[in-house]
Amino acid sequence: MNQILILCIEDESEVRDALVRDLAPFRPVFRIEAAEDAADARTVLREAEAAGDRVGLILCDHLLPGQRGVDLLIELHREPATRATRKVLITGQAGLDDTIRAINQAGLQHYIAKPWQPADLHAIVRNQLTDYVMANEEELLPYVSTLDGPRLLEALAKK
Amino acid sequence: MPGSEHPVFTDGLHLPEPELEARMIRELDAFLGHPPRRRLEAGALLFGEDVELDSLWILLDGQVRLFRTIQGQEVVFHSQTVGRIVGLLAFASRNRSFFACRAVTPVTLLEIRFEDLSRALESNPALLGLFSAVLLRSMARRNRRLVELQTEVLSLNQTLAAERDQLARTLRELQQAQALLVESEKMATLGQIAAGVAHELNNPIAAIARAADFLGQDLQRLAGSMPGGDVFREHLARTLAQKPTSTREQREARAQLARETGDETLASRMVEIGLAHKAELEEVARQLAQRPEQALETLAGFHQVGAALRNIERCARRITDLVQSLRSYARADEPDPRETDLREGLDDTLNLLAHRLREVEVDRQYGDLPPVSIRGGELNQVWTNLIVNALDAMKNRGRLVVRTEALPSGHMAVHIIDSGPGIPPEHKARIFDLQFTTRQGRVEFGLGLGLAISRNIVTRLGGTLTVESSPGCTDFCVTLPRTPPVRPVPQETTP
């Protein structure tokens, strides 16, 4: 079955573990993938495309080895396959200049400062994915229990 | 007749001055019929400047001075050079005085109205000659005096200009000294705060590290008391000791397992808890006497706890190392010099700058060094400045060489070498100047106060800080003596 992906890009394994585990509530419906740098993220995206999966949300750290998070998000925003993907920066160290660039050029939807609170993370991810499925999916019913149910039901009623 | 007038002039000029003046006074006095003398007290004004006069005065005794008032001040032009005749310029220029005249000592004067003088000179050719000669000498003397005055003004101006330059230099030095003071005060405060925070962090981080360890032990015991305990204990131990695997390796393992089991969800769960083969799961299920899916869930619970504990321990260790580096970097609690291995300070600095070194290849070329006697942390500011400059120059990407060596002279050398674009030749001469920064000027390659401060610290310890730079290789070199000078070397103000 084709699935919607949440991609976490974070180079520190302990932080990555925590982030992935904190996303457990979205697990039943979404596939969660982790990558440790930009090149690795590219591999995941290629494999997802080949398998026919969509990328609904990217949670990206800024200070990555190799390419910076913001630069990766800007590139991905220009590519058709990831244009609609919701993009969130999750970092402790992006400066103002980089953040402004991310908003203006990468369509950055949210900025999460480390250390994050799980409740905030859940709310942001739920909100972003709800936006994504409403804009991109035909079938909304499978997401009602995991995402923002009332908003999805309202959208369904209007159809 | 011209022949009879000419010799009169030359006659007078050939006489010695006292005699010339005495004869002139005698002739005038006789012509005027010995009028009463005028006497002035010292300090009394004879006439003001730029006023109408109808007399001139022959100074018989005492001294006067001629002055003009310039910007509220009496500026004396003549005192020794007045001569015998006072009111000369008024006589020459339609009765208006140019200078004012004041008695310096009590004076005795012979007053002669201009019209009387004219009559006397007309009627007495000898007097005309004498008067002309006195006049000429007087004017010559005053003229020489003016040249002297001009010369004095010139040399005064030169002195003033030199003093002004000196003042400007002193002001600049003062500003530099102040900037240094402010900076070192700021650093001292920051150092104290860093040391304080590091100290405060020690307790909680020790408690966290210990608590994680206790939890691991307790969990092992608890697991052991459960049915199938050995399986859990073994799995826990493995999880706790597990090295981080890359996301790439995890995906490969998952793909492999998915092919083996034909179930992607199962493969994904197995890889997450560190099972690489289907046979491992079957063995665990057999030992627990559970179905494989059930065994996987039970094991996953232990795995999650174990992985969380492992991450806590690993991160606590990282914080402990950072705190340790911060403490030894700041060393605010060490006022006295002690034998120090320079390489420790370099390592502390590199540890604290780790966040900027991710994409930098750090090559520590540490040669043997004898310990050096310095106050702890004193040089860390220098290492930080030099390394941060190197990272700025390289834009946090490239190769950083930190080399130490003992020199044959008994000095020690520390090189900080970066692979950045190099210092432009036009900047090279100025990089140790206090004012020079390319950061504010939006020039990419920035230095600021750091190098001036670093050089100051190194110089105080009796060492040197020099740089050699070409594109791709900028080498800052610090040399230090084994023992710093007892009395501090005076601070440098110009490189």
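The structure presented is a predicted model; accordingly, all values stated were derived computationally and were not measured. Proteins come first, then strands; the chains are lettered A, B, ... in the order of their sequence lines, and each starts at number 1.
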Rounded to the nearest 0.5 Å, how far does CD of Glu264(B) lie from CD of Gln3(A)? 8.5 Å

Proximal component of Thr245(B), with respect to chain A [non-hydrogen, under 4.5 Å]: backbone

Those residues of residues 34-43 of chain A that come under 4.5 Å of chain B on a heavy-atom basis, listed by number, are Ala34(A), Ala35(A), Glu36(A), Asp37(A), Asp40(A), Thr43(A)

Are more than 12 heavy atoms from other residues, nucleotides or ligands located less than 6.0 Å from atom CZ of Arg233(B)? no

Taking NZ, NE, NH1 and NH2 as the nitrogens, is one of them in Glu14(A) or Arg317(B) under 4.0 Å from a carboxylate oxygen of the other? no

Does Asp17(A) come within less than 4.0 Å of Arg314(B), counting only side-chain N to carboxylate O? no

Within a reach of under 6.0 Å around CD of Glu280(B), are more than 12 heavy atoms found that belong to other residues, nucleotides or ligands? yes

Kindly compute the distance separating CD (Glu33(A)) from CD (Gln250(B)), expressed to the nearest 0.5 Å. 9.5 Å

Please classify the contact of Arg254(B) with chain A as side chain, backbone, both or neither, using a heavy-atom distance under 4.5 Å. side chain

Does Glu49(A) CD have over 12 foreign heavy atoms under 6.0 Å away? no

Within a 6.0 Å radius of atom NE2 on His122(A), are there more than 12 heavy atoms belonging to other residues, nucleotides or ligands? yes

More than 12 heavy atoms of other residues, nucleotides or ligands under 6.0 Å from CD of Glu297(B): yes or no? yes

Return yes when atom CD of Gln67(A) has more than 12 non-hydrogen atoms of other residues, nucleotides or ligands closer than 6.0 Å, and no otherwise. yes

Quick one: what part of Arg358(B) sits under 4.5 Å from any heavy atom of chain A, side chain, backbone, both or neither? side chain

Between atom CZ of Arg68(A) and atom CG of Asn396(B), what is the distance when rounded to the nearest 0.5 Å? 6.5 Å

